[in-house]
Every structure is written in structure tokens, then in C-alpha cells.
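Hydrogens, waters and symmetry mates play no part in the numbers below; they use all other heavy atoms, side chains included. Here is how names work: the chains are called A, B, and so on, in the same order as the sequence lines, proteins then strands, and each is numbered from 1.
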There are 2 protein chains.
Amino acid sequence: MNVTIYDVAERAGVGIGTVSRVLNDSPHVREPTRQRVLQTITELNYQPNPMARGLSLKRTNTIGIVIPFFTRPFFVEVLRGIDNELLQHGYNLILYDVEQKELKDYYLRELPMRRRVDGLLLISLCLEEVDVRAITRVRLPIVLVDSRHPAFSSVSVDNVGGARTAVAHLIENGHQRIGFISGRLDDPFGFPTSSERFAGYRQVLKEHDLPFHEAYHQIGEFNAQSGYECMKRLLALAQPPTAIFATSDTQALGALRAIQETGGQVPQDFALVGYDDIEVSQYVGLSTIRQPMFRMGQEGARLLLQQLENSQDEPEPTCIRLPVQMVIRETSTQSLN
Amino acid sequence: MNVTIYDVAERAGVGIGTVSRVLNDSPHVREPTRQRVLQTITELNYQPNPMARGLSLKRTNTIGIVIPFFTRPFFVEVLRGIDNELLQHGYNLILYDVEQKELKDYYLRELPMRRRVDGLLLISLCLEEVDVRAITRVRLPIVLVDSRHPAFSSVSVDNVGGARTAVAHLIENGHQRIGFISGRLDDPFGFPTSSERFAGYRQVLKEHDLPFHEAYHQIGEFNAQSGYECMKRLLALAQPPTAIFATSDTQALGALRAIQETGGQVPQDFALVGYDDIEVSQYVGLSTIRQPMFRMGQEGARLLLQQLENSQDEPEPTCIRLPVQMVIRETSTQSLN
DNA sequence: CTGTTAGCGCATTCAC
DNA sequence: GTGAATGCGCTAACAG
């Protein structure tokens with residue numbers, strides 16, 4: 001029913017070995033024969049069966065992405081970067097969306113065993129030692145994106161530095177009371193985004209001899225609603241901060257709304273800096289720390305592809321560190337509004 | 001190196017046939033034997049090779065999603081719905097992101113041939129006859145989401161009705177000059193979102209004896225930036241509309257910004273209704289037409305899974321029609337601000 | 001009930 | 001150079 005390599009061989013009057021050779025551009029085929037085979041391949045519209053190919057080659061030609069909450073713009077962009085790179089190299093992408101920690105553990109421990117993917121790309125996920133063992137034991141190529149681990153290649157950004165820049169910017173603009181809206185420092189998925197940025201925040205405060213107020217640090221989820229609520233709490237303080245740094249643009253947008261709702265002016269009354277530089281930010285005039293999200297995905301995919309090429313030797317992990325960049329817009333500067 | 005069915009069989013002292021049987025819960029295995037096999041399976045941490053299984057079964061256990069611009073919140077939500085349903089049934093998901101029409105054509109024509117997926121889920125994509133032939137010829141199960149075609153099952157929403165509700169709502173609130181911000185009516189991907197909603201828009205205008213002004217219809221992309229620009233153009237008119245209906249919340253957010261920037265008040269000066277009900281909308285107070293995005297994905301996946309179950313008989317296509325719902329918030333009502 | 005065998009479609013030795 | 005044979009890991013049909 002489906003056209004196989006045998007059909008092609010027969011029709012072209014050659015053996016399947018030869019067909020296989022032209023399929024894999026082996027040099028050991030005479031040009032006329034190659035042409036003839038190529039010809040009948042298009043005639044029959046033959047497509048090699050990837051399963052059979054995989055079974056024989058012991059490769060699946062697909063790589064797995066383990067990603068939490070891919071609802072967040074950040075993850076979507078990273079995913080696009082990955083997809084873009086992978087498709088160009090003929091790899092398929094298979095998605096594992098882990099919205100809960102149990103799922104993450106499950107995948108991280110089971111996935112390496114099932115030979116469904118040639119490699120794994122983990123996004124914003126921290127590895128426990130159990131996972132590390134499971135992965136290294138089967139020698140599954142793996143690279144971390146937006147996360148790090150000594151044993152594996154990774155591409156990450158400087159969260160501490162990004163936060164430092166943001167807070168320093170706020171201080172330079174004359175702010176002394178700076179609020180911080182973040183996710184949980186002890187993130188259930190273990191990713192250090194919040195805690196690293198928190199560290200940067202505190203460092204800069206300290207360097208400028210500014211006190212750290214527990215109440216100025218509001219913790220929530222990475223969404224607008226949560227940012228809104230956090231800001232409400234900040235506004236309810238006896239002496240609210242005059243500037244807010246949020247760990248994501250989405251949260252910042254929520255905060256913006258809370259401010260506006262209570263009649264506050266941005267940036268006159270409150271300065272605001274987010275993180276990510278998602279699409280709407282540019283547009284809403286939100287100052288932010290731009291992460292190269294698309295590129296992070298791209299580089300991560302490249303790293304993994306490289307590992308797949310020279311799979312013979314165990315390469316030492318390479319860590320790519322991508323720069324973040326402060327984007328100053330209206331929500332943080334008096335001048336531009 | 002990797003543990004196979006033979007290893008299990010040997011260790012358990014049975015033939016591979018038996019192992020295969022317990023793997024596929026065949027009733028023809030005595031309980032003691034089954035237990036013994038199960039036992040050694042966990043002992044060896046055996047995982048059946050999906051490629052081999054697929055090759056033998058002629059199934060891949062993965063389904064493909066063809067999706068344009070999955071950067072848009074709408075697509076992300078649909079995707080989540082699909083992912084959610086599929087994973088529960090042990091299916092894997094493989095993503096084909098088609099950002100350009102050529103890619104779409106390529107995938108739609110090649111994918112059916114390569115036996116990489118058991119079925120296809122097309123999101124917001126319109127089929128040309130060439131595609132239809134390619135698909136039906138190989139009898140690849142396929143379901144359309146947010147689109148329709150007589151030959152296939154689909155899950156869609158009432159775009160005309162949704163637009164009607166939105167515009168009617170605006171008129172009821174006293175507006176006579178209603179602008180419309182949409183995508184191209186002759187969408188390159190062929191999806192009828194814009195044109196259907198445009199139809200609804202015009203219907204209601206007509207029913208209320210309101211004239212249709214060409215200039216009130218601004219066409220752009222489905223993003224904030226474009227919504228912003230469209231609104232700017234509307235504002236530049238000698239007699240701008242007092243209400244705007246946009247085909248997506250993102251566009252509406254852009255429009256909102258444009259209004260605010262020129263000092264306009266919402267909803268006092270301008271009423272605004274979007275489409276989709278994405279996360280931020282609730283939160284920004286944007287009136288909108290809510291689409292059950294997550295559910296659309298879910299239902300689409302279910303439909304496809306059903307088709308995969310009873311693959312023997314060619315079932316007649318079933319079309320699920322999901323309701324949309326007007327969500328009235330601050331941007332369209334005087335009362336609530 | 002259970003072991004054995006024959007494919008599934010392709011890559012890869014080997015001989016020729 | 002090229003064809004035939006073998007194996008990849010598993011399911012299913014066939015004997016016991």
C-alpha cells in the first residue's frame with residue numbers, strides 16, 4: 001500500500017542497497033544509476049519511513065523539549081527559537097509541557113529511558129541529582145536553557161546582572177524606595193530566576209546604602225493578575241515604594257494597571273521596570289530588561305545539535321552566556337512622557 | 001547495551017511473545033507468568049522501543065500539529081488544550097510551526113506522505129484542493145480547529161455571531177460610528193477569521209441602518225503594534241469612530257494605547273471591544289468576545305483520537321461548534337469606570 | 001496458555 | 001559499483 005524502498009528498487013531495476021546509498025548520498029554509486037534511482041523516487045513520490053530508518057540507525061531524528069508553563073511569552077519565544085533552528089536541520093520537535101512538578105520529575109526520569117528522542121532540551125528547569133544520574137547513565141545528550149548545571153552544556157543569561165542594571169537605573173533616576181515583585185525564591189521547579197534577580201536587587205540596594213524592607217518584596221506568580229495583586233499590596237503600605245522592579249513584563253503590566261487604577265501617574269508617581277521585553281512592552285512604553293529569548297532557544301538547539309554530531313566523544317560542557325540589555329522607555333523616565 | 005524485549009524474556013524465563021502479550025495486556029497470559037514478567041520488567045527498567053513498536057504496528061503514537069504563528073496567545077492556548085488531551089492518552093505531539101505560506105503548503109503536501117504522525121491537527125488553516133487530495137489519498141486522519149472543510153471533522157466557533165454580538169453591544173450603548181480593526185480579509189493562510197467577523201460587522205450595521213464607511217475598516221496584523229497603527233489612522237480621520245471592534249485582544253490593546261496617547265478617554269470618548277479574551281484582557285478591563293481557546297484544542301484532539309480508535313471505517317466528519325461569549329468589561333460601558 | 005517465526009522498512013556489512 | 005543477506009526491537013499469526 002505504501003511505497004517502500006523495495007518498490008523503488010524494483011522499478012529502477014536495482015537492489016535496495018543501491019537505493020539506500022543514493023538516499024544517504026553515498027559516493028559509491030555511479031552517476032547514471034543514481035540518476036535513475038532519483039528519477040523513480042520522485043516518480044513514485046517515495047518517502048523513506050522514519051520509523052524504519054530510526055530503528056536501523058538507532059536515532060529518532062527528533063529532540064524533546066521539556067518546558068514549564070509554555071503559556072508565558074518567555075517560553076513561547078524560546079520555543080520558537082528552538083523550533084526554528086531544529087527544523088532547518090531536519091529535526092523534529094516533541095513537546096513536553098510540565099505544568100506541575102510531579103510531571104517534571106516523571107519526564108526527567110522516564111524520558112531518558114524511552115528512546116523516543118535523540119536529545120533533550122530543558123528550559124528553565126533545575127536538575128536534581130536523581131535526574132542527573134538517570135541522564136548520564138544512558139548518555140542522553142542534553143542541554144539546559146535558562147538554567148545551569150556543571151555536568152551539562154547550557155545557555156543562560158546573567159540574571160543577577162540584569163536585576164542590578166534595572167535597580168541601578170531606578171536609583172539613578174532618584175528613587176530610594178524600590179519595590180520588587182518576583183516569583184517564589186524557592187521555586188517549586190527549582191529555577192533560580194527569582195532568587196538570582198533578588199540577589200541582584202539586594203546587592204545594588206546595599207551598594208547604595210539603601211535599606212531592604214521585607215514589605216517591599218512581594219511574591220507572586222508570573223502573570224499579570226499576580227503583578228496586579230502584588231502592586232496593590234505595595235500601594236497599601238504606609239509608605240509605598242516609588243519605583244518597582246518586576247521579574248517579568250507580564251507582572252509589570254499588572255502592576256501598571258494597579259497604579260493607574262488608584263490614580264497614580266507613571267512615571268511621575270511611580271517608576272516601573274519589567275523583565276523580558278515581550279511584544280506589548282515596547283508598545284506600552286514599559287522599561288525593561290531585554291532577554292534574547294528567541295536566541296536563547298536557538299543557541300540551545302545549536303549546542304544540542306553539535307553534541308549529536310560528534311556523539312562519539314564525551315565533550316566537555318560548553319556554557320553560553322547571553323547578554324541582557326536594559327531598554328529604557330517611558331515607565332521609568334520623567335523625560336519621555 | 002539497551003535493554004530489549006529479549007533481555008526481559010530471557011531473564012523471566014519466557015519467550016518474547018509472552019512478554020509482548022503482557023506489554024499489550026493480552027488476556028491470554030496466566031496470572032503467575034504475567035506477574036513474573038512484570039516483575040523483571042521493573043527490575044530491568046525495561047522500556048519498549050517506540051520505533052520498533054511503531055514499525056511493527058504501523059503507528060507512531062504521535063500526532064502532528066500544524067499551526068501558524070504560535071506566538072499569538074490564541075494559538076498558545078489552543079496548543080495547551082491539545083497537549084493536555086493528547087498526553088493523557090499517551091500520544092506525543094510534534095509541532096509544525098508555519099510562519100510563511102510556502103511552509104504551510106510544503107507541510108500539508110509532504111507530511112501526509114512521511115509516516116511520521118498518525119494524524120494531523122490543523123489550526124486556523126484553510127485547505128486548498130491540492131492538500132485535500134494529498135490527505136484523503138493516504139487516508140490520514142485529520143481534524144481542523146478554528147476552520148472548516150466539508151470533507152473533515154472540525155471544531156470551530158461562530159465568528160459571524162461573535163462579531164455580531166460585539167457590534168450590537170456597541171450600538172446598544174449608543175454608538176453610531178463603529179470602527180473595525182481586522183487582519184486581511186484575503187488572509188494568505190486562507191483562514192476566514194477576519195472575513196467572517198467582517199461579515200458579522202457589516203450585517204449588524206445594515207440591520208441598524210448604519211452606513212458602512214470604508215475608512216472605518218482598518219486592516220493590519222494580529223499584534224499590538226498593528227492595532228496601534230490602525231487606531232492612529234482612525235483617529236486621524238475627520239470624523240473618527242466613537243467605538244472600535246478589533247478582531248483580537250492584542251490589536252485592541254494597541255488601539256487602547258493609541259487612544260490614551262492622544263488623550264482620549266475610554267470608554268467616555270471611545271468604546272473598545274476585542275476578541276479572544278486573553279489573560280491580560282480581564283485584567284486590563286477590556287470588553288471582548290471570549291473564545292474557548294483551550295477547549296477548542298481539547299475538543300479537536302478528542303475528535304482526532306476518536307478517529308484513530310475506529311480507523312477501520314471511514315466515519316463521516318463531525319463538526320463541533322463551540323459557543324463564544326461576550327464579556328463586558330470597562331472599555332465598552334460608561335457605567336463601570 | 002506459551003514459544004517460535006515471519007515480517008515492518010531501512011542501513012549496512014559482505015561477497016561478487 | 002552493486003546485489004543479497006543480516007539485524008534493529010517489536011507485534012501478530014501460527015503451532016504446539
Side-chain angles (χ1 to χ4, degrees), chain A residues 1-41 44-62 90 113-118 138 311, chain B residues 1-41 44-62 90 92 113-118 138 311-312:
Chain A
M1 136 130 206
N2 239 296
V3 33
T4 80
I5 198 172
Y6 288 97
D7 302 323
V8 177
E10 185 177 10
R11 183 90 121 75
V14 300
I16 66 163
T18 304
V19 178
S20 179
R21 282 182 204 104
V22 331
L23 246 37
N24 301 283
D25 334 271
S26 158
H28 308 290
V29 183
R30 248 189 311 190
E31 197 47 31
T33 348
R34 167 190 305 289
Q35 287 307 328
R36 193 148 36 90
V37 172
L38 248 26
Q39 170 72 17
T40 76
I41 281 183
L44 267 45
N45 195 283
Y46 164 69
Q47 301 274 17
N49 179 323
M51 313 280 285
R53 190 185 175 85
L55 183 56
S56 183
L57 247 31
K58 294 176 178 309
R59 319 192 283 109
T60 62
N61 240 29
T62 96
M113 303 311 296
R114 334 187 152 260
R115 302 341 232 86
R116 240 211 120 58
V117 297
D118 297 338
V138 297
S311 54
Chain B
M1 135 131 205
N2 240 297
V3 34
T4 79
I5 198 172
Y6 287 96
D7 302 325
V8 177
E10 186 178 9
R11 182 89 122 73
V14 299
I16 65 163
T18 304
V19 178
S20 179
R21 281 182 205 104
V22 331
L23 246 35
N24 301 283
D25 338 87
S26 158
H28 308 290
V29 183
R30 245 190 313 189
E31 199 46 34
T33 348
R34 167 190 305 289
Q35 286 308 328
R36 190 146 40 89
V37 172
L38 248 26
Q39 171 72 16
T40 77
I41 281 184
L44 266 45
N45 194 284
Y46 164 71
Q47 301 275 17
N49 180 323
M51 314 280 283
R53 189 187 175 84
L55 184 56
S56 181
L57 246 30
K58 293 177 179 309
R59 321 192 283 110
T60 62
N61 240 31
T62 95
N92 283 114
M113 302 309 297
R114 334 184 154 263
R115 301 342 230 88
R116 243 215 117 56
V117 297
D118 295 339
V138 296
S311 53
Q312 54 276 30

Is there a side-chain contact between A/Val14 and A/Val19, using heavy atoms and a 4.5 Å cut-off? yes
Check: B/Asn24 and B/Arg53 side chains under 4.5 Å, non-hydrogen atoms: yes
Can you sort out which residues in residues 28-36 of chain A have a heavy atom within less than 4.0 Å of DNA chain C? Ascending by number, please. none
A/Val3 side chain reached by A/Asn45 side chain, heavy atoms, under 4.5 Å: no
Let me know the distance between CG of A/Asp25 and C1' of C/dA11, rounded to the nearest Å. 14 Å
Any heavy-atom pair between the side chains of A/Ile41 and A/Leu23 that's under 4.5 Å? yes
Please check if the side chain of A/Thr40 supplies one atom and the backbone of A/Val37 the other of a donor-acceptor pair under 3.5 Å. yes
Compare all side-chain heavy atoms of B/Leu55 with those of A/Asn49 and state whether any distance is below 4.5 angstrom. yes
Whole-Å distance, A/Arg59 CZ to C/dA11 C1', equals 11 Å
Quick one: A/Leu55 CG to D/dC8 C1', roughly how many Å, whole number? 4 Å
A/Arg116 has an atom CZ; how far is it from atom C1' of D/dG9, in whole Å? 14 Å
How many whole angstroms separate atom CG of A/Leu23 from atom C1' of C/dG9? 11 Å
Could you tell me whether the phosphate oxygens of C/dG3, OP1 or OP2, come under 4.0 Å of any side-chain nitrogen or oxygen in B/Thr18? yes
Got a sec? Which of residues 4-13 of chain B come in under 4.0 Å of DNA chain C, heavy atoms? B/Gly13
For the pair made of CG in B/Asn61 and C1' in D/dC10, what is the distance, rounded to whole Å? 13 Å
Is B/Asn2 close to A/Lys58 at the side-chain level, that is, under 4.5 Å between some pair of heavy atoms? no
Rounded to the nearest 0.5 Å, the CG atom of A/Asn61 sits from the CZ atom of B/Arg116 at a distance of 6.5 Å
With a 3.5 Å distance limit and no angle check, can you tell me whether A/Arg34 reaches the backbone of A/Arg21 through a side-chain donor-acceptor pair? no
With a 4.5 Å heavy-atom cut-off, do B/Ile5 and B/Tyr46 have their side chains touching? yes
Using whole Å, what does the distance between atom C1' of nucleotide C/dG9 and atom OH of A/Tyr46 come to? 7 Å
Please tell me if B/Lys58 has a side-chain N or O lying less than 4.0 Å from either OP1 or OP2 of C/dG7. no
Is it true that the side chains of A/Glu31 and A/Gln35 contain a donor and an acceptor less than 3.5 Å apart? yes
For nucleotides 12-16 of chain D, print each protein N/O atom paired with a nucleotide N/O atom at under 3.5 Å, atom names and distance only.
from, atom 1, to, atom 2, distance (Å)
D/dA13, N6, B/Arg21, NH2, 3.4

Tell me what A/Val19 touches on the nucleic acid: a base, only sugar-phosphate, or nothing, going by heavy atoms under 4.0 Å. nothing
